[in-house]
Colleague: 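Sharing a structure, written as structure tokens. Questions coming.
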Amino acid sequence: MNFNATLIGQLIAFTVFVGFCMKFVWPPIMAAIKERQKKIADGLAASERAEKDLELAQSKATDQLREAKDQAAQIIDQAKKRASQLVEEETQRGHAEREKIIAQGHSEIEAEKNRVKEELRKQVAALAIAGAERILQREIDADAQSDIVEKLVEEL
Amino acid sequence: MASYDTTQEYINHHLTNARMCSTEQGIAFNKACEDAGFWVWHIDTLAWSFLLGFGFLFLFYRMGKKATTGVPSKTQALIELIVEFVDDNVRSSFHGKSALIAPLALTIFVWVLLMNLMDLVPVDLLPWIAGLVGQYGFGMDPKDVYMKVVPTTDINTTFALSIGVFVLIIYYSLKIKGIKGFTKELTMQPLNHPIFIPFNFVIESVTLLARPLSLSLRLFGNLYASELIFILIATLGYFQLPLHFTWAVFHILVLPLQAFIFMMLTIVYLSLACEDH
């Protein structure tokens with residue numbers, strides 16, 4: 001244990017070192033560390049926020065997708081319904097048309113039949129008149145006896 | 001080793017500081033300084049501790065100047081690791097507010113650690129180089145060239161540190177508690193009665209003085225002992241190799257631990273000084 005002037009030298013050195021460290025070393029390093037800590041904290045917060053945003057967007061997208069699917073299904077349903085309705089309607093209209101055409105045909109046939117009947121009736125009247133003329137062998141005033149003929153014709 | 005006559009001489013040579021003093025004939029060295037009394041300078045202790053202190057402060061200062069807040073370089077990461085380590089310890093032990101404590105703790109920790117780490121340099125290497133420089137540079141007998149490279153094995157260094165801490169303890173005690181509070185702390189504890197004032201004062205004074213004393217003697221004792229063992233191991237010839245290695249590995253733990261203890265106790269003592277009862 002030999003204390004000597006070295007003690008004083010070391011004491012001065014220690015004081016100077018501590019003073020220098022306090023003034024020029026500690027503050028900038030600590031400032032850099034604090035700044036970085038803040039940056040990292042901010043970054044972490046931002047990433048957390050982004051994650052939350054992403055989650056939100058994903059759930060929103062899922063919702064929208066489901067909605068779209070629902071709508072699509074609804075539209076397809078409607079379209080199917082409409083298609084079957086159309087088919088039904090067309091079928092019914094076809095049926096009606098057919099009925100109409102058939103009815104028309106029937107009425108036309110009826111009219112033709114009536115017309116032919118009339119014609120036939122007229123020819124038969126003329127024939128009857130000619131036959132009667134011959135049978136009577138005399139001239140009969142066709143105009144005077146026409147009411148009889150008319151009656152005859154009507155009876156046919 | 002071979003150039004020494006006895007082991008005794010070898011050990012003595014390695015445990016002697018390089019001294020410098022001024023005599024009537026001008027500046028003198030080593031053996032000429034035996035009668036100089038107090039005014040002897042251990043130039044090896046001073047040189048190594050200044051070198052390490054300046055090295056540490058220069059490195060940290062330069063890093064602090066170009067410290068980025070972005071991705072740090074490896075050096076910056078290491079320095080920030082040390083700074084944060086010290087800062088954490090200060091924060092956990094010292095609850096007052098002070099701009100001095102943390103830089104003080106950092107300086108003590110790193111400086112003492114670096115001085116301690118000189119213990120891991122092979123014991124003969126630097127004295128041998130110094131001897132060669134003395135021999136061929138200045139024409140001296142290598143045995144007259146002394147070089148003790150671990151500044152913390154010099155009691156002057158450890159006491160300088162602890163005296164600095166002690167001054168701060170007194171300063172903070174007076175600043176926080178005032179003269180009255182400090183006097184009261186010294187005289188009214190642990191037995192709070194006027195009769196016991198002398199008794200209390202003796203006990204508290206011993207407590208107060210024991211702090212810097214134990215602080216410096218612990219560091220000095222540990223480092224001096226480990227240096228001595230290194231030197232003893234070095235006298236064993238070839239057996240020194242495994243022993244040296246083992247002892248060095250052991251000191252990878254001991255040396256930082258001693259620096260850490262010195263720093264931690266400084267913080268604790270100062271926080272005690274700042275506590276108002």
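Chain letters run A, B, ... following the sequence lines, proteins first and then strands; every chain starts at 1.
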Colleague: Can you tell me which portion of B/Ala102 sits under 4.5 Å from chain A's heavy atoms? Options are side chain, backbone, both or neither.
Modeller: both

Colleague: Give, for atom OG1 of B/Thr152 and atom CD of A/Gln10, the distance between the pair rounded to the nearest 0.5 Å.
Modeller: 10.0 Å

Colleague: Heavy-atom pairs under 4.5 Å with chain A: which of B/Trp111, B/Phe38, B/Phe56 has the most?
Modeller: B/Phe38

Colleague: Is B/Ile79 close to chain A through its backbone or its side chain, or both, or neither, when contacts mean heavy atoms under 4.5 Å?
Modeller: side chain

Colleague: Highest number of heavy-atom pairs under 4.5 Å with chain A: which of B/Leu106, B/Asp154, B/Val86?
Modeller: B/Leu106

Colleague: Pick one of side chain, backbone, both or neither for A/Lys34, based on which atoms fall under 4.5 Å of a heavy atom in chain B.
Modeller: side chain

Colleague: Distance from B/Met63 atom CE to A/Ile29 atom CD1, nearest 0.5 Å?
Modeller: 8.0 Å

Colleague: Tell me which of these, B/Ile163, B/Asp87, B/Thr45, has more heavy-atom pairs under 4.5 Å with chain A than the rest.
Modeller: B/Asp87

Colleague: Let me confirm one number: the OG1-CE distance from A/Thr6 to B/Met20, rounded to the nearest 0.5 Å.
Modeller: 9.5 Å

Colleague: Is it true that a side-chain atom of B/Asn156 and a backbone atom of A/Ala5 form a donor plus acceptor pair closer than 3.5 Å?
Modeller: no

Colleague: Would the number of heavy atoms belonging to other residues, nucleotides or ligands and lying under 6.0 Å from CD of A/Glu89 be above 12?
Modeller: yes

Colleague: Is it the case that more than 12 heavy atoms not belonging to A/Gln37 sit under 6.0 Å from its CD atom?
Modeller: yes

Colleague: Quick check for you: among B/Leu161, B/Val167, B/Leu104, which has the greatest number of heavy-atom pairs under 4.5 Å with chain A?
Modeller: B/Leu161

Colleague: Take atom CD1 in B/Ile27; do more than 12 heavy atoms of anything else shown fall under 6.0 Å from it?
Modeller: no

Colleague: Does any backbone or side-chain atom of B/Tyr224 lie under 4.5 Å from a heavy atom of chain A? Answer side chain, backbone, both or neither.
Modeller: neither

Colleague: Take the angle between the ring planes of B/Phe50 and A/Phe17 and call it parallel below 30°, perpendicular above 60°, tilted in between.
Modeller: perpendicular

Colleague: Grab the two heavy atoms, one from B/Gly64 and one from A/Pro28, that are nearest each other, plus how far apart they are.
Modeller: O-CB, 3.4 Å

Colleague: Would you indicate whether A/Arg121, at its atom CZ, is surrounded by more than 12 heavy atoms from other residues, nucleotides or ligands within a distance under 6.0 Å?
Modeller: yes

Colleague: If you tally heavy-atom pairs under 4.5 Å against chain A, which of B/Pro103, B/Ala160, B/Gly53 wins?
Modeller: B/Pro103

Colleague: Using 0.5 Å steps for rounding, measure from the CD atom of B/Glu80 to the CE atom of A/Met30.
Modeller: 9.0 Å

Colleague: With rounding to the nearest 0.5 angstrom, report the CZ to CD1 distance, A/Phe14 to B/Ile108.
Modeller: 4.0 Å

Colleague: Using non-hydrogen atoms and a 4.5 Å limit, figure out which bit of B/Asn17 sits close to chain A: side chain, backbone, both or neither.
Modeller: neither

Colleague: Would you check if B/Val83 and A/Val25 make a side-chain contact, meaning some heavy-atom pair closer than 4.5 Å?
Modeller: no

